[in-house]
Amino acid sequence: QHFGNKFGIKVIHQVNAGDAWDVLGTVLANFHTEPVSHSLIHRIMNRLVSKGQKFLLKILLNGQLQKILEAKGTLYQANIVVFEKAEME
């Protein structure tokens with residue numbers, strides 16, 4: 001809506017694409033951790049986080065997480081907008 005107003009283009013239809021689960025899945029699939037040192041505790045914590053991340057992504061992708069938990073919040077991935085430009089006179 002901001003850019004439509006800025007450039008004199010009318011918003012015909014707007015919808016949010018994706019939900020909080022999609023945002024979480026994108027985050028889980030696109031990052032990894034590394035220990036900041038080679039100490040045993042840092043390597044163990046890194047392994048735990050990595051295993052937890054993989055587990056969460058797996059149950060998210062197969063729909064099990066969404067069956068038992070409801071995502072609350074206003075997160076979504078993108079906007080889909082249809083604009084209409086006024087005809088030039």
Side-chain angles (χ1 to χ4, degrees):
Q1 287 179 340
H2 168 76
F3 289 108
N5 292 335
K6 183 176 179 178
F7 295 105
I9 302 172
K10 182 179 177 185
V11 175
I12 300 297
H13 182 73
Q14 178 178 351
V15 81
N16 298 339
D19 60 11
W21 292 122
D22 296 318
V23 172
L24 179 59
T26 300
V27 170
L28 289 172
N30 289 289
F31 86 95
H32 70 278
T33 59
E34 294 180 2
V36 296
S37 77
H38 293 295
S39 74
L40 180 61
I41 189 70
H42 289 179
R43 289 182 296 159
I44 290 171
M45 289 302 297
N46 185 63
R47 179 67 57 98
L48 288 172
V49 168
S50 179
K51 295 288 185 187
Q53 174 189 358
K54 288 176 184 174
F55 174 74
L56 276 175
L57 184 57
K58 181 179 178 180
I59 64 173
L60 180 65
L61 289 174
N62 68 22
Q64 291 177 0
L65 196 58
Q66 298 90 320
K67 289 178 184 175
I68 59 174
L69 298 173
E70 184 178 349
K72 298 286 190 172
T74 58
L75 293 174
Y76 59 93
Q77 283 188 310
N79 292 302
I80 298 173
V81 182
V82 177
F83 294 102
E84 177 180 76
K85 185 168 178 139
E87 291 188 31
M88 298 184 66
E89 296 179 15

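The figures here come from the full heavy-atom set of this structure, side chains too, leaving out hydrogens, waters and symmetry mates.
Under a 4.5 Å side-chain heavy-atom criterion applied to ILVMFWY residues, the cluster that includes Phe83 comprises Phe3, Phe7, Ile9, Val11, Val81 as well. Hydrophobic cluster of Val15: the remaining members, joined at side-chain heavy-atom separations below 4.5 Å, are Ile80, listed by chain and number. Under the 4.5 angstrom side-chain criterion for Ile, Leu, Val, Met, Phe, Trp and Tyr, Val36 has no cluster partners at all.
Pairing each heavy atom of Gln53 with each of Leu28, the nearest pair is NE2-O, 2.5 Å. Contact record, Arg43 with His38: NE-O, 3.0 Å, taken as the closest heavy-atom pair.
A continuous path of Ile, Leu, Val, Met, Phe, Trp and Tyr side chains, each step under 4.5 Å between heavy atoms, connects Leu69 with Leu61, placing both in one hydrophobic cluster. The hydrophobic cluster containing Ile44 does not contain Val49, counting ILVMFWY residues as joined when their side-chain heavy atoms lie under 4.5 angstrom apart, directly or transitively.
Every pair passing side chain to side chain donor-acceptor pair (under 3.5 Å) that includes a residue from residues 19-34 is listed here, sequence neighbours excluded: Thr26-Gln77, His32-Glu34, Thr33-Asn46. Residue pairs meeting the side chain to side chain donor-acceptor pair (under 3.5 Å) criterion with at least one partner in residues 62-71, sequence neighbours excluded, are Glu70-Lys72. Applying the salt bridge (Lys or Arg N to Asp or Glu O under 4.0 Å) test to every pair with at least one member in residues 45-65, sequence neighbours left out, gives no pairs at all.
Distance check, rounded to the nearest 0.5 Å: CG of Leu24 to CG of Leu56 gives 7.0 Å.
Residues satisfying the side chain to side chain donor-acceptor pair (under 3.5 Å) criterion with Ser37, sequence neighbours excluded, are Ser39, His42. With sequence neighbours left out, the side chain to side chain contact (heavy atoms under 4.5 Å, CB included) criterion links Ala29 to Leu57. In this structure, Asn5 has no side chain to side chain donor-acceptor pair (under 3.5 Å) partners at least two apart in sequence or on a different chain.
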